[in-house]
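Just so you know, residue 1 is the first one in the sequence shown, and it goes up from there. These numbers were taken from a predicted model, which means no experiment stands behind them.
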Amino acid sequence: MIQFEINGVPIAWKRPGRNNKTGAVHDQQKLQKDQSRWYLRSKFRENPIRSPVEVCLSFYFPMPKGASGARKRDMLNGVLHHMSRPDVDNLAKFYLDVMTGAI
């Protein structure tokens, strides 16, 4: 089993942008994806895996600054979980896109 951790606030996938004048589509997150890809390549130095893989992702968010003491306590005890944007689908999509070709 291969395990690694990416430190920092989780990044969610964003829909590609479109230039209103030319209609060209561009990736708004190219820099973030490239940086994450380089980080993954530094952790996983083997050739990319060519067979099917199983991926398990866990996302950890910083404590909201405006949370009350009771809410913070519930979050630390696992009673309350992340319930706002970004959703897990877009979080997973970003990292799975980054892993393609790198892992």
Inset, instruction - Show your working on salt bridge (Lys or Arg N to Asp or Glu O under 4.0 Å) between K30 and D34 and close with a plain yes or no. - result: CA-CA 6 Å; K30 182 170 178 24; D34 288 343; 3.2 Å; yes

Inset, instruction - Could you walk me through whether L57 and M99 pass side-chain contact (heavy atoms from CB on, under 4.5 Å), step by step? - result: CA-CA 12 Å; L57 302 169; M99 282 188 238; 3.9 Å; yes

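By the side chain to side chain contact (heavy atoms under 4.5 Å, CB included) test, S68 pairs with A70, R71, sequence neighbours left out. F61 pairs by the ring pair (Phe, Tyr, Trp, His ring centres under 6.0 Å) definition with H82, not counting sequence neighbours. With sequence neighbours left out, the side chain to side chain contact (heavy atoms under 4.5 Å, CB included) criterion links N77 to R73, V79. With sequence neighbours excluded, no residue satisfies salt bridge (Lys or Arg N to Asp or Glu O under 4.0 Å) with D87. For the salt bridge (Lys or Arg N to Asp or Glu O under 4.0 Å) test, no residue two or more places apart in sequence or in another chain qualifies with K65. With sequence neighbours excluded, the residues forming a ring pair (Phe, Tyr, Trp, His ring centres under 6.0 Å) with F59 are Y95, listed by chain and number.
Among residues at least two apart or in separate chains, there is no side-chain hydrogen bond (donor to acceptor under 3.5 Å, both in side chains) pair with a member in residues 47-60.
Residues F94 and L96 fall within the same hydrophobic cluster, defined by Ile, Leu, Val, Met, Phe, Trp and Tyr side chains chained together at heavy-atom separations under 4.5 Å.
Across every non-hydrogen atom of E5 and Y39, the tightest pair is O-OH, 3.0 Å. The two residues D97 and R37 have their closest heavy-atom pair at O-NH2, 3.3 Å.
Atom CD1 of I103 sits about 5.0 Å away from atom CG of L40, to the nearest 0.5 Å.
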Exercise answer: donor-acceptor pairs, residues 6-14 side-chain atoms, under 3.5 Å, sequence neighbours excluded:
none

